[in-house]
Colleague: 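Before I ask anything, here is the structure I am working with.
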Amino acid sequence: MRLGRAAALVALAATPAAARFAPATDAPYRLTMTMERQLGERQSGEGGVRRFATDYAVTFTRDHDGYRAVLRALPASAADSGGTRHFARLQSALAGVPIIVRLDRHGGLIAVEDVDPLWDRLRAAIVATDDDPASRRRLLALHDAATPAVRVQTLAGDLLALCAGADADRRDAGRDTTLPATDGTLLPVRETVRRGRDVTVVVTRDDAGTLVRSRTIARADGLVRDMREDRRLTARHRGVVRTATTVRTARLVAMVSPYPPGTARKP
């Protein structure tokens with residue numbers, strides 16, 4: 001009897017725990033996304049920094065498969081330090097448009113609803129807000145060539161990155177894994193885990209230092225509350241070394257009130 005019970009306990013301990021995913025369904029969240037992109041040439045010192053920011057309202061409701069999540073860009077929350085401010089104009093054109101994402105009970109993607117109409121609306125916004133013909137052609141070429149997977153990632157990637165129930169209760173010291181690189185290949189990375197009182201912090205980095213990402217995950221609900229990702233790309237062309245560094249951050253908090261209408265934030 002004792003041996004049988006001990007064997008059962010060993011088997012239970014060896015079974016991976018179910019992902020802890022329990023977002024609040026009675027109140028919205030505010031998601032603040034920022035990106036800083038630095039372009040430069042090592043030999044000439046030329047380049048510049050451009051900053052972007054947007055606030056979103058995020059809501060979760062239960063359904064028969066798991067959860068129905070809705071992501072909406074908040075009006076007047078977009079900030080763009082670029083001279084054309086095209087990003088802010090594009091975000092403003094899409095403000096308030098709901099992106100509906102169906103998730104399973106562990107926070108995994110089931111589907112994004114109405115992808116084609118949303119993608120058409122994005123195309124119309126590009127045409128309406130980009131006054132530079134060359135820039136508009138480049139953006140439309142990328143838009144029209146996007147695969148279904150790229151469309152889903154573009155529309156819902158910020159939301160999906162919040163769902164980290166599978167990592168919330170991790171206790172391992174670390175592991176080797178892979179992540180998609182900028183060129184579409186898989187990048188070998190090392191993950192390390194640090195557990196605090198109420199959160200789990202997962203840090204991901206590659207050996208070359210081209211990627212460093214830190215996520216702070218609330219164990220109570222499996223949502224990423226803070227994220228920072230640094231990516232660096234270096235290329236040589238005709239003897240000139242060009243670098244591009246991108247820093248992305250995300251912060252998720254309970255929403256107290258919508259962003260004040262007509263108030264634009266500085267990037």
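All heavy atoms count here, side chains included; hydrogens, waters and symmetry mates do not.
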Colleague: Are L122 and L142 connected in the hydrophobic side-chain network, where two residues link if heavy atoms are under 4.5 Å apart?
Modeller: no

Colleague: Check this for me: R251, atom CZ, are more than 12 non-hydrogen atoms of other residues, nucleotides or ligands nearer than 6.0 Å?
Modeller: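 Not buried by this count: 12 neighbours or fewer within 6.0 Å.
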
Colleague: If two hydrophobic side chains count as joined below 4.5 Å and joins carry through other members, does L140 share a cluster with L155?
Modeller: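 Yes, L140 connects to L155 through the hydrophobic network.
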
Colleague: Kindly check if the number of other-residue, nucleotide or ligand heavy atoms within 6.0 Å of CZ (R121) is above 12?
Modeller: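 Check fails, neighbour count at 12 or below.
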
Colleague: Going by side-chain heavy atoms closer than 4.5 Å, which hydrophobic residues are tied to V201, directly or by a chain of links?
Modeller: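 V201 clusters with V199, V203.
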
Colleague: Can you tell me how far CE of M227 sits from CD1 of I217, rounded to the nearest 0.5 angstrom?
Modeller: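 If we round to the nearest 0.5 Å, I217:CD1 and M227:CE are 11.5 Å apart.
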
Colleague: How close do T200 and R170 get, heavy atom to heavy atom, and via which atoms?
Modeller: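 Closest approach of T200 to R170: CG2-O, 4.3 Å.
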
Colleague: Keeping the roles fixed (side chain from D206, backbone from L211), state whether a donor-acceptor pair exists under 3.5 Å.
Modeller: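 Yes: the side chain of D206 pairs with the backbone of L211.
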
Colleague: Using 0.5 Å steps for rounding, measure from the CG atom of L94 to the CG atom of L118.
Modeller: 9.0 Å

Colleague: Determine whether V247 and L31 fall in the same hydrophobic cluster, where Ile, Leu, Val, Met, Phe, Trp and Tyr are linked whenever their side-chain heavy atoms lie under 4.5 Å apart.
Modeller: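 No.
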
Colleague: Which heavy atom of A57 sits nearest a heavy atom of M255, and at what distance?
Modeller: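 Of all heavy-atom pairs spanning A57 and M255, the closest is CB-CE, 3.6 Å.
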
Colleague: With the 4.5 Å side-chain cut-off for hydrophobic clustering, are L74 and V253 part of the same group?
Modeller: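 Different hydrophobic clusters.
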
Colleague: A side-chain contact here means heavy atoms from C-beta on lying under 4.5 Å apart; do T246 and M35 qualify?
Modeller: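 Sidechains of M35 and T246: in contact.
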
Colleague: Looking at A168 and G222, what are the two nearest heavy atoms and their distance?
Modeller: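 A168 and G222 have their closest heavy atoms at CB-CA, 4.0 Å.
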
Colleague: Hey, mind stepping through D104 and D65 against side chain to side chain contact (heavy atoms under 4.5 Å, CB included) and telling me if it holds?
Modeller: CA-CA 6 Å; D104 64 25; D65 291 321; 5.9 Å; no

Colleague: Does the pair R228/D230 count as a salt bridge with the N-to-O cut at 4.0 Å?
Modeller: yes

Colleague: Counting only heavy atoms from other residues, nucleotides and ligands, does the tally under 6.0 Å from CZ of R205 exceed 12?
Modeller: no

Colleague: Applying a strict under-4.5 Å side-chain criterion to I, L, V, M, F, W and Y, I'd like to know whether V152 and V58 cluster together.
Modeller: yes

Colleague: Between R20 (side chain) and A218 (backbone), is there a donor-acceptor pair under 3.5 Å?
Modeller: no

Colleague: Would you say R213's side chain and V202's backbone share a donor-acceptor pair under 3.5 angstrom?
Modeller: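 Side chain of R213 to backbone of V202, a donor-acceptor pair under 3.5 Å: no, none is there.
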
Colleague: Atom CZ of residue position R195 - does it have more than 12 heavy atoms of other residues, nucleotides or ligands inside 6.0 Å?
Modeller: yes

Colleague: Taking the hydrophobic residues Ile, Leu, Val, Met, Phe, Trp and Tyr, and joining any pair whose side-chain heavy atoms are under 4.5 Å apart, which ones share a cluster with I100?
Modeller: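 Taking Ile, Leu, Val, Met, Phe, Trp and Tyr as members, I100 shares its hydrophobic cluster with V70.
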
Colleague: Considering all heavy atoms of both residues, which atom of P75 and which atom of A95 are nearest to each other, and what is their separation?
Modeller: CA-CB, 3.9 Å

Colleague: Apply side chain to side chain contact (heavy atoms under 4.5 Å, CB included) to L223 and F60, showing your working.
Modeller: CA-CA 12 Å; L223 290 172; F60 295 91; 4.2 Å; yes

Colleague: Quick check: closest heavy atoms across L162 and D158, and the distance to 0.1 Å?
Modeller: CG-O, 3.5 Å

Colleague: How close do D116 and R151 get, heavy atom to heavy atom, and via which atoms?
Modeller: OD1-NH1, 3.5 Å

Colleague: Would you say that R231 contacts R248 through its side chain, given a criterion of any heavy-atom pair below 4.5 Å between the two side chains?
Modeller: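 No, their side chains stay 4.5 Å or more apart.
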
Colleague: Would you compute the distance between atom CD of E113 and atom CD1 of I99 and round it to the nearest 0.5 angstrom?
Modeller: 12.0 Å

Colleague: What residues form a side chain to side chain donor-acceptor pair (under 3.5 Å) with R123, not counting sequence neighbours?
Modeller: D144

Colleague: Quick one: pull up OH in Y67 and NE2 in H106 and give me the separation to the nearest 0.5 Å.
Modeller: 10.5 Å

Colleague: Are the side chains of L252 and V224 in touch, meaning some heavy atoms are under 4.5 Å apart?
Modeller: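 SC-SC contact between L252 and V224 ruled out.
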
Colleague: To the nearest 0.5 Å, tell me how far Q38 CD sits from R51 CZ.
Modeller: 9.0 Å

Colleague: Anything under 30° is parallel, anything over 60° is perpendicular, the rest tilted; go ahead and classify W119 against H143.
Modeller: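 W119 vs H143 ring planes: parallel.
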
Colleague: OG1/T245 to CZ/R232 distance, rounded to the nearest 0.5 angstrom?
Modeller: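 Going from OG1 on T245 over to CZ on R232, the span is 6.5 Å.
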
